Amino acid sequence: MGKQHWVGEVRAGTHDGSEVELKGWIHRSRGSNKIWFLVLRDSTGVVQCVVKREDVGDDAFESLSTALIESSVIIRGTVETTDREHRHEVLVSSGEVVGPVNPERPFPITESAMSEADGGQTEFLLDNRHLYLRTGRMTTMMKLRSTVFGAIHSYFRDRDFIEYQAPNFVAGAVEGGSTLFEVPYFDRKAYLTQSWQLYAEAAMPALERLYTMAPSFRAEKSRTRRHLTEFWHAEMEVAWASNAEIMEYGEGVVRHISKTLLDERSDELSELGRDLDTVASYADSEYPRMRYDEAIEILQGKGVEVEWGQDLDYSKEKVLTSDFEVPHFLTHYPRVAKPFYHRPDPDDANYVLCHDLLAPEGYGEIIGGGERTWSETEILDRIEEEGTPREPYEFYIDIRRYGGVPHGGFGLGVDRVCAWLSGADHIREVIPFPRDSRRVTP
RNA sequence: GCCGACAUAGCUUAGUUGGUGGAGCGGUGGACUGUUAAUCCACAGGUCGCAGGUUCGAGUCCUGCUGUCGGCGCCA
């Protein structure tokens, strides 16, 4: 790489008193006719560079001092310690502009746009998302996001899970048919996948423990702080596992993500205003289990109008989780509220062996999972009972004709977890190019 | 699909009973040897989302349209 020195190293004191060559972009620029201050940004942070006319000469002084914000530059100089902000400065000996910014089209994202925008939610910042990515807030979010992805991979790989990929063009739904994205597929129709699960179950007898992280697509017209039409889905499937065991993995991975963020990204969490003790409580606590029936009783006790058999919508989740300080599992939903692949409870067939993990602070459901219906007769009954067309699921039924075994898994909304743990106001803040029902550009 | 808001300069916005559209940031030119969203002076920049209507006169009132945002149902 044609770059040896990094701003983060300068800030850490690695190069105190030494010559460095910094390559980056102008974050801020100010000064007078003899001395100029360039705040230089690279992927590791910002540092102030002091350019004196007498040191660099008139030509370099003119080109550096007139370069606009987000011009790319190479700066050479000596690192000095200081009592000023950032504790370190670069006293510039020479430098040049690499990629200038045209004054007719200055960098459009101003301080006012940033400060009023509340996390990049204005139309303007969404239209300029390709430029918004390089702002401090979004850069920090992308680093946190990378750590979350890494933590999920390490959690499963450390437990001998095999990463496995399913097709994204599919013929059938996992969730409701109305949320399918239909795409032309030569002379037929196909759909974008809503979940890896059905194809994971096909590989379950081969791999026994498998996981993935991949995008899922749902054509929901939802406009909420928790929804995207394209979201990153961490899913896992385990042979011979019960609902309770699957929940152990769910709790484990969420706690592992929280701990990894604290270990590797505490500065970034603090930068975003996240209280580290709150995140630590998510890493250290056990997550209570609560049956659906208990949740209904609690809600009814609070005067919420809810009938047994209803799925719990967000407004009810919110009332329920308002007293929770850590994530809670909700288990044993009524059979009528859940799709065919959930396994009915052998102890009471009115319920299914499933679980949702509800995050506190109003972030809602972050995991949905459970045991799968695994015998041929039971899956056929469930499909018929639901009135679901059988054809797209023939392969899924066939799996059960050859050595079916109990198994289960879950899906975790990675973006939701990122939003929750970073304390973001909106799920859009944690993904570089958010997709919702009204936006596919840029 | 439903409910509710909003739309003024590149950005963030002010605009009073309807009476000549202002400012800050950003840009340009100038001043300034330690600035922290630097400061000071000057200049440029507007089809007030679009189309109708009411009126002597509409950024402002009315209707329609478009776009955007927030929320709901559903979900991760």
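Only a predicted model underlies this, so the values are computations on that prediction, with no experimental measurement involved. Sequence lines set the chain letters: A, B, ... in the order given, protein chains first and strands last, and positions in each chain run from 1.
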Would you say the base of C69(B) and the side-chain of Arg428(A) have a donor-acceptor pair closer than 3.5 Å?
-> no
Can you check whether Met290(A) reaches Phe329(A) side chain to side chain, under 4.5 Å on heavy atoms?
-> no
Could you give the distance separating A5(B) and G49(B) at their C1' atoms, to the nearest angstrom?
-> 16 Å
Ring-face cation contact, Tyr287(A) with Arg289(A), 6.0 Å cut, 45° max | no
Between protein and nucleic acid, restricted to nucleotides 65-67 of chain B and to nitrogen or oxygen atoms under 3.5 Å apart, what atom pairs and distances do you find?
none

Within the structure shown, what part of the strands sits under 4.0 Å from Asp415(A) by heavy-atom distance: base, sugar-phosphate, or nothing?
-> nothing
Rounded interatomic separation in angstrom, taking CD from Glu70(A) and P from A37(B) = 17 Å
If you look at every strand shown and take non-hydrogen atoms under 4.0 Å, does Ile366(A) touch a base, only sugar-phosphate, or nothing?
-> sugar-phosphate
How close or far is atom P of U13(B) from atom CZ of Phe124(A), stated in whole angstroms?
-> 12 Å
Using the C1' atoms only, state how far C41(B) lies from G57(B), rounded to an integer number of Å.
-> 38 Å
Interatomic distance where CZ belongs to Arg225(A) and P belongs to G73(B) [whole Å] | 13 Å
For the rings on Tyr333(A) and His355(A), is their centre-to-centre separation under 6.0 Å?
-> no
Separation of Glu89(A) CD from Asp83(A) CG (nearest 0.5 Å) = 10.0 Å
Distance, nearest 0.5 Å, that separates CZ of Arg129(A) from CZ of Phe124(A) = 13.0 Å
Separation of G71(B) C1' from Asp313(A) CG (nearest whole Å) | 13 Å
Side chain of Arg226(A) only, please: which of A76(B), C11(B), C74(B) is the nearest?
-> C74(B)
Between A9(B) and G22(B), how far apart are the P atoms? Round to whole Å, please.
-> 14 Å
Rounded to the nearest 0.5 Å, what's the gap from CG on Leu64(A) to CG on Leu40(A)? Could you check?
-> 10.5 Å
How is the base pairing of RNA chain B summarised as a dot-bracket string, given the Watson-Crick and G-U wobble criteria with both distances under 3.5 Å, [ ] for crossing and | for another strand?
-> (((((((..((((.....[..)))).(((((.......))))).....(((((..]....))))))))))))....
Residue whose nearest RNA chain B nucleotide is more 5′ - Arg439(A) or Glu365(A) | Arg439(A)
Quickly work out the Lys221(A) NZ to G73(B) C1' distance and round it to whole Å.
-> 13 Å
In whole angstrom, what separates Arg223(A)'s CZ from C74(B)'s P?
-> 18 Å
Measure centre to centre between the rings of His342(A) and Phe340(A), then say whether the value is under 6.0 Å.
-> no
For Leu357(A) and Pro327(A), the nearest pair of non-hydrogen atoms, with its separation, is CD1-CB, 3.7 Å
With a 6.0 Å cut-off on ring centres, are Tyr351(A) and Trp308(A) close enough?
-> yes
Separation of the C1' atoms in G59(B) and G15(B), to the nearest angstrom | 8 Å
So, is His227(A) close to the G71(B) phosphate, meaning a side-chain N or O under 4.0 Å from OP1 or OP2?
-> no
Does NZ or CZ of Arg226(A) come closer than 6.0 Å to the centre of the six-membered ring of Tyr314(A), within 45° of the ring's axis?
-> yes
Pick base, sugar-phosphate or nothing for Glu85(A), based on heavy-atom distances below 4.0 Å to the nucleic acid.
-> base
Produce a footprint string for nucleotides 26-35 of chain B: one letter per nucleotide, 5' end first; B if the base is under 4.0 Å from any protein heavy atom, S if only the sugar-phosphate is, - if neither.
-> SSS---BBBB
P gap between G53(B) and C11(B), integer Å = 30 Å
Sticking with atom C1', work out how far C48(B) lies from A14(B), rounded to a whole angstrom.
-> 13 Å
Rounded to whole Å, CG of Asp436(A) lies from P of C69(B) at a distance of 6 Å
Given Ile109(A) and Tyr132(A), is the side chain to side chain contact (heavy atoms under 4.5 Å, CB included) satisfied, shown in steps?
-> CA-CA 7 Å; Ile109(A) 298 174; Tyr132(A) 181 66; 3.8 Å; yes
Whole angstrom value for the distance that separates P of C74(B) from OH of Tyr314(A) = 14 Å
If you measure from the P atom in U60(B) to the same atom in U54(B), how many Å do you get, rounded?
-> 15 Å
Looking across every strand, which nucleic acid part, if any, lies under 4.0 Å from Ser216(A) by heavy atom: base, sugar-phosphate, or nothing?
-> nothing
Is the cationic atom of Arg225(A) (NZ for Lys, CZ for Arg) positioned less than 6.0 Å from the six-membered ring centroid of Tyr363(A) and within 45 degrees of its normal?
-> no
If you measure from the P atom in U8(B) to the same atom in A51(B), how many Å do you get, rounded?
-> 16 Å
Is Glu385(A) salt-bridged to Arg382(A), cutoff N-O under 4.0 Å?
-> yes
